[in-house]
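A short write-up of the structure that comes next.
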Amino acid sequence: MSESSLSSKLFATAKQYIPGGVNSPVRAFRNVGGEPFFAQRAKGCRVWDVDGKDYIDYVGTWGPAILGHAPQAVVNAVQNAAKNGVSFGIPNPLEVDMAKLIVEWVPSIEKVRMCNSGTEATMSCVRLARGFTKRDRIVKFDGCYHGHVDALLVAAGSGALTHGQPDSAGIPASYAALTTVLPYNDVEALENCFATLGDEIAAIIVESYPANAGLILPQPGYLQKLRDITQKHGALLIFDEVMTGFRIGKGGVQEKENITPDLTALGKVIGGGLPVGAFGGRADIMDMLAPDGPVYQAGTLSGNPLAMAAGLAQLREMEKNQGWQRLEELGQTMETAVLETLKKTGRNYQWYRAGSMFCLFFTETPVKNLTDAKTSDLNAFRSFFHYCLNHGVYFAPSQFETGFISLAHTQDDLDRTAEVVQEALEQLG
Ligand SMILES: *Cc1c(COP(=O)(O)O)cnc(C)c1O
């Protein structure tokens with residue numbers, strides 16, 4: 001970004017008024033250096049910055065833009081809904097449509113409540129699990145991100161089974177101590193944890209496919225193991241499908257892998273680009289929520305009509321166009337091109353993909369957990385990222401993120417991307 005660019009000027013002003021110049025930290029490009037560009041508009045798979053340059057976008061507003069940006073069906077739905085009022089704070093019919101759709105599509109969900117972000121969804125799952133089981137301890141996995149919830153912004157302590165440590169200033173150590181952090185894909189660590197703490201554990205929360213440390217896939221049988229061990233010890237299993245829900249398929253990872261969690265957190269794709277989250281699951285657990293039960297949870301804007309209209313339009317459009325099947329095909333096309341390019345350039349980097357989600361780790365170590373992901377060559381990634389950005393291809397500005405293909409990406413877009421990726425790898429030297 002040149003200093004005279006409009007983006008650069010806006011960023012300088014933003015930094016005077018907004019901490020770090022951004023409203024969410026990863027947007028600041030700290031992991032790759034340089035400055036972010038400012039978006040002017042976005043349509044299909046493209047984003048235009050305020051200086052008029054355009055990019056083929058694989059961030060997709062961090063997951064929600066599964067149809068591409070500003071799809072006509074979603075724009076129309078929002079415009080039509082807005083004519084009838086932008087918020088009611090009174091029950092509205094769109095909330096019922098959305099709840100019905102979620103319960104029909106997501107196998108484990110019998111009842112669902114809407115909220116306004118993925119963070120709210122996971123936070124509410126944790127409270128509900130604690131209220132239902134009357135236990136306090138939560139088990140999470142290193143490298144799984146569940147939003148900025150106090151109980152979940154926790155890092156592993158030193159030593160195998162010590163209590164978690166706050167992963168942010170401002171989180172009391174006594175809160176973090178109620179969270180145990182385990183390495184992902186490690187059955188032995190899981191068994192040891194439940195053998196020692198089993199009767200204290202309210203729930204395991206897990207990203208069904210961890211997608212916030214790059215993309216990490218579960219080893220065969222691992223998710224079933226999580227299901228079995230929680231059942232055995234009277235703990236709940238919470239699937240955080242904020243990223244994977246309606247992205248991996250109609251019923252998320254739980255349908256694909258045939259696992260039935262007790263509670264599921266949703267967000268991102270479900271809102272069609274508007275601020276939305278949802279959580280749902282077994283009716284007997286969900287009925288613990290206020291006003292029927294003792295677990296309090298609420299939201300002034302929850303079930304907002306614009307957000308419901310946008311989400312419903314996006315999900316119905318996906319269904320109508322057999323979207324998930326097409327995304328799998330686009331994913332395969334990209335995969336073939338990337339694997340060929342890696343071969344041509346003599347790089348043994350690790351590539352992972354699930355449908356339209358992908359990650360290229362700049363390491364030769366197979367990645368089964370966060371420790372493996374951290375073996376990535378971050379200097380090489382940085383150089384790759386900036387080369388791609390300068391040549392009109394926008395991947396997430398961090399090695400530890402997942403890429404997203406949308407239905408708006410065409411064969412030409414994927415071909416152009418493959419060219420740029422090859423050049424970017426070649427210039428690494
Ligand atoms: C993005 C994300 C969240 C947090 O959602 P927000 O809407 O940003 O609060 C939680 N869990 C997962 C898996 C996510 O990817």
Side-chain angles (χ1 to χ4, degrees), residues 24 26-27 29 31-32 34 36-39 41-49 53-71 145 209-216 242-244 246-248 268-269 273 314 318 323-324 326-342 349-362 373 376 380-425:
S24 195
V26 72
R27 297 180 198 167
F29 276 35
N31 293 317
V32 287
F37 59 88
F38 278 62
R41 67 189 181 95
K43 182 79 187 166
C45 74
R46 279 192 163 64
V47 178
W48 283 262
D49 70 17
K53 187 168 157 56
D54 68 288
Y55 308 86
I56 302 174
D57 177 22
Y58 291 99
V59 181
T61 185
W62 302 92
I66 197 165
L67 297 170
H69 293 284
Y145 175 70
Y209 289 168
N212 285 283
L215 178 63
I216 300 175
V242 170
M243 199 73 109
T244 53
F246 309 107
R247 163 66 66 178
I248 284 298
K268 298 196 169 123
V269 169
Q314 168 142 291
M318 280 297 290
W324 294 282
R326 280 183 53 206
L327 285 177
E328 170 60 25
E329 288 159 16
L330 291 169
Q332 277 175 19
T333 303
M334 173 181 264
E335 179 162 288
T336 305
V338 170
L339 293 179
E340 215 168 275
T341 301
L342 288 173
Y349 291 157
Q350 303 295 305
W351 163 264
Y352 294 92
R353 179 181 71 86
S356 56
M357 301 168 71
F358 64 85
C359 179
L360 181 64
F361 285 106
F362 284 57
S376 299
F381 176 81
R382 197 171 295 143
S383 166
F384 171 87
F385 167 83
H386 282 292
Y387 186 95
C388 292
L389 189 70
N390 289 336
H391 291 80
V393 176
Y394 177 45
F395 292 117
S398 162
Q399 167 73 90
F400 304 108
E401 297 290 348
T402 293
F404 301 101
I405 304 169
S406 78
L407 274 192
H409 287 84
T410 64
Q411 184 67 48
D412 280 355
D413 298 317
L414 295 181
D415 289 348
R416 174 62 192 149
T417 302
E419 266 171 42
V420 172
V421 164
Q422 178 164 336
E423 292 164 14
L425 290 172

Using atom types as modelled and distance alone, determine if a side-chain donor or acceptor of [X] lies under 3.5 Å from a backbone N or O of [Y].
X: K43; Y: A70; result: yes
X: W324; Y: F246; result: yes
X: S398; Y: N31; result: no

- request: Apply the test side-chain contact (heavy atoms from CB on, under 4.5 Å) to residues Q399 and F362: give CA-CA distance (whole Å), side-chain angles for both, the deciding distance (0.1 Å), then the verdict.
  value: CA-CA 8 Å; Q399 167 73 90; F362 284 57; 3.4 Å; yes

State the [atom1]-[atom2] distance between [X] and [Y], to the nearest 0.5 angstrom.
X: Q350; Y: L360; atom1: CD; atom2: CG; result: 9.0 Å
X: R247; Y: I405; atom1: CZ; atom2: CD1; result: 8.5 Å
X: I56; Y: D412; atom1: CD1; atom2: CG; result: 9.0 Å
X: Q314; Y: L407; atom1: CD; atom2: CG; result: 9.0 Å
X: L327; Y: H409; atom1: CG; atom2: NE2; result: 10.0 Å
X: M243; Y: M357; atom1: CE; atom2: CE; result: 6.0 Å

- request: Check the side chains of S376 and Y349 for a donor-acceptor pair under 3.5 angstrom, ignoring hydrogens and angles.
  value: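 No - no donor-acceptor pair under 3.5 Å links their side chains.
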
Kindly give the heavy-atom pair with the smallest separation between [X] and [Y], and that separation in Å.
X: D54; Y: R46; result: OD2-NE, 3.0 Å
X: A424; Y: C388; result: CB-SG, 3.8 Å
X: A408; Y: G68; result: CB-CA, 3.9 Å
X: D413; Y: T417; result: O-OG1, 2.7 Å
X: V420; Y: Y387; result: O-CE2, 3.9 Å
X: A213; Y: A373; result: O-CB, 4.0 Å

field: Worked verdict on F400 versus N212 for side-chain contact (heavy atoms from CB on, under 4.5 Å)
entry: CA-CA 6 Å; F400 304 108; N212 285 283; over 6 Å; no

Chi angles and distances behind the side-chain contact (heavy atoms from CB on, under 4.5 Å) call for L342, V338: CA-CA 6 Å; L342 288 173; V338 170; 4.1 Å; yes

task: For this output row, return yes or no: ring centroids of F404 and F358 closer than 6.0 angstrom.
output: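 Aromatic pair excluded; centres sit 6.0 Å or further apart.
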
query: Can the ring centroids of F381 and F361 be said to lie less than 6.0 angstrom from one another?
result: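 No, too far apart.
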
message: Can you tell me how the ring of F37 sits relative to the ring of F29, calling it parallel under 30°, perpendicular over 60° and tilted otherwise?
response: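 F37 vs F29 ring planes: perpendicular.
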
task: Determine the interplanar angle of the F395 and F384 rings, folded into 0 to 90°, and report it as parallel if under 30°, tilted if 30 to 60°, perpendicular if over 60°.
output: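 It falls in the parallel class, under 30°.
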
query: Heavy atoms, side chains only, cut-off 4.5 Å: are K268 and P64 in contact?
result: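 In contact.
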
query: Does the side-chain contact (heavy atoms from CB on, under 4.5 Å) test come out yes or no for I216 and Y352, once each step is laid out?
result: CA-CA 7 Å; I216 300 175; Y352 294 92; over 6 Å; no

Result block: side-chain N/O donor-acceptor pairs under 3.5 angstrom for residues 329-337, not counting sequence neighbours:
from	atom 1	to	atom 2	distance (Å)
Q332	NE2	E328	OE2	2.8
T333	OG1	E329	O	3.0
E335	OE1	W351	NE1	2.8
E335	OE1	R353	NE	2.9
T336	OG1	Q332	O	2.9

